[in-house]
Number of protein chains: 2
Amino acid sequence: MYSREVSTAERLIESTRELLWERGYVGTSPKAILERAGAGQGSMYHHFTGKPDLALAAIRRTADELRAAAEAVLDGPGTPYERIEAYLRRERDVLRGCPVGRLTMDPDVVASDELRAPVDATLDAIRERIAGIVEEGKEQGQFGPELDGEAIAATVLATVQGGYVLARASGSPAAFDAGVRGLLSLLHPQDHPTVRGARCTRCSTN
Amino acid sequence: MYSREVSTAERLIESTRELLWERGYVGTSPKAILERAGAGQGSMYHHFTGKPDLALAAIRRTADELRAAAEAVLDGPGTPYERIEAYLRRERDVLRGCPVGRLTMDPDVVASDELRAPVDATLDAIRERIAGIVEEGKEQGQFGPELDGEAIAATVLATVQGGYVLARASGSPAAFDAGVRGLLSLLHPQDHPTVRGARCTRCSTN
DNA sequence: GTCTATAACACGATAGAC
DNA sequence: GTCTATCGTGTTATAGAC
């Protein structure tokens with residue numbers, strides 16, 4: 001039988017991931033991590049050099065996971081618009097916030113190049129992927145030629161990250177959904193038809 | 001002579017405002033506040049019941065100030081588009097983040113209805129103001145009738161709040177500016193003209 | 001009104017037994 | 001590899017002098 005128990009190091013990383021998401025780096029103490037993981041002080045300092053080292057392992061895993069999940073949606077089927085819509089509408093635990101984005105509000109994370117690196121890398125990778133999709137959409141005529149892929153990608157990502165802020169402020173996911181809806185209405189080719197059958201250079205649809 | 005020194009209570013509130021912006025609620029200790037304000041423990045507990053009470057005074061002031069500054073720009077001169085552009089482009093210390101929005105990532109702030117209330121009220125007021133401006137723009141024909149004021153307002157605010165996240169992740173304001181630029185290109189009536197002089201119902205410009 | 005002293009506990013890390 | 005004990009410091013608050 002391969003009934004495998006999870007290693008202590010593994011439980012420490014997972015507990016840290018949960019707490020970083022809930023309380024951030026500054027708000028997460030080694031004591032709280034150890035309690036959640038069911039381990040003693042010694043275990044943590046055996047496997048990791050300290051709190052920053054353990055947090056780094058946790059942040060890297062969370063960042064890699066989010067990146068893979070986002071790219072899976074963005075590389076999925078559909079037109080460029082549909083793939084961006086799928087990304088914007090993908091299932092999210094909105095009130096919990098973004099496990100990666102929230103770290104940018106942590107002074108100790110931003111102050112450390114090592115802790116910030118995975119956060120930056122993940123957001124940047126998603127941004128690049130979206131920018132490529134926008135350029136693809138321009139070539140196919142689904143998006144107007146005046147759109148800048150890099151800029152639109154930043155807008156898309158910012159709308160998501162800012163949506164979390166609005167939702168958490170109001171205690172309801174409604175504002176997140178509204179922001180996404182607004183952005184999609186601005187992006188949607190079909191939503192701005194021309195009159196008298198003339199072609200609109202922006203949408204390139206009749 | 002009216003050479004007035006600032007009261008101790010005043011210095012405590014201002015020091016707290018600075019620290020809340022820099023380090024958030026969880027990352028700000030009474031000791032750090034007292035050091036910055038040049039006061040002793042007794043002063044703080046004389047004027048306030050404790051850390052949450054002092055933080056509430058600081059948050060209320062910061063929220064009210066931001067709200068006034070934002071509404072001043074939004075109620076300024078110009079067309080609806082121009083006023084939204086002015087809001088999006090208004091001077092910001094991007095890498096410091098939003099002094100109000102960052103509080104939504106603080107678990108203790110979100111957990112307290114009292115601390116969260118001023119944050120929610122300010123973001124909501126700005127959102128409502130932008131929504132009204134969008135509706136105004138629709139009536140004037142500057143924005144297409146398919147746009148929903150509430151949704152667009154959420155998108156505008158989210159782009160700003162999320163722009164801070166992207167900027168802090170990368171350590172550069174560039175991503176914030178890119179997000180704003182992308183959103184403006186989607187909103188701008190002039191950026192999507194029709195061919196052959198036909199009228200586009202979306203932009204209502206030739 | 002402001003100060004210092006003190007309390008009780010948490011933080012982050014180390015030491016050394018098992 | 002994991003445990004408990006301990007360390008020095010910081011946190012949040014109270015007490016009481018001035």
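Protein chains get the first letters and strands the later ones, always in sequence-line order, with residue 1 at the start of each. All values below were derived from every heavy atom in this structure, side-chain atoms included, with hydrogens, water molecules and symmetry-related copies excluded.
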For the pair made of [atom1] in [X] and [atom2] in [N], what is the distance, rounded to whole Å?
X	N	atom1	atom2	value
Arg11(A)	dG1(D)	CZ	C1'	12 Å
Tyr45(A)	dA5(D)	OH	C1'	15 Å
Asp108(A)	dC11(C)	CG	C1'	13 Å
Arg23(B)	dG10(D)	CZ	C1'	13 Å
Phe48(B)	dT14(D)	CZ	C1'	18 Å
Glu35(B)	dT4(C)	CD	P	12 Å
Lys31(B)	dA13(D)	NZ	P	16 Å
Met44(B)	dA13(D)	CE	C1'	9 Å

I want to check one thing: is the phosphate of [N], taken as OP1 and OP2, less than 4.0 Å away from some side-chain N or O of [X]?
X	N	result
His46(B)	dG1(C)	yes
Thr8(B)	dT2(C)	yes
Ser29(B)	dT11(D)	yes

Check: Centre of Tyr87(A)'s six-membered ring, under 6.0 Å away, within 45 degrees of the axis: is that where NZ or CZ of Arg92(A) sits?
Finding: yes
Margin query: Strictly below 4.0 Å, N to O, side chains only: are Arg11(B) and Glu14(B) in salt-bridge contact?
Written below: no
Looking only at side-chain atoms of [X], point me to the closest of [options].
X	options	result
His47(B)	dG1(C), dC3(C), dG1(D)	dG1(C)
Lys51(B)	dA13(D), dC11(C), dG12(C)	dA13(D)
Gln41(A)	dT2(C), dT12(D), dT4(D)	dT4(D)

Next item on the list: Report yes if some heavy atom in the side chain of Asp108(B) is under 4.5 Å from a heavy atom in the side chain of Leu115(B); otherwise report no.
Entry: no
Margin query: Side chains of Tyr164(A) and Arg102(A): any donor to acceptor distance under 3.5 Å?
Written below: no
Next item on the list: Between Gly40(B) and Pro52(A), name the one whose nearest nucleotide on DNA chain C is closer to the 5' end.
Entry: Gly40(B)
Margin query: As an exercise, state the distance from CD of Glu114(B) to CG of Asp53(B), rounded to the nearest 0.5 Å.
Written below: 8.0 Å
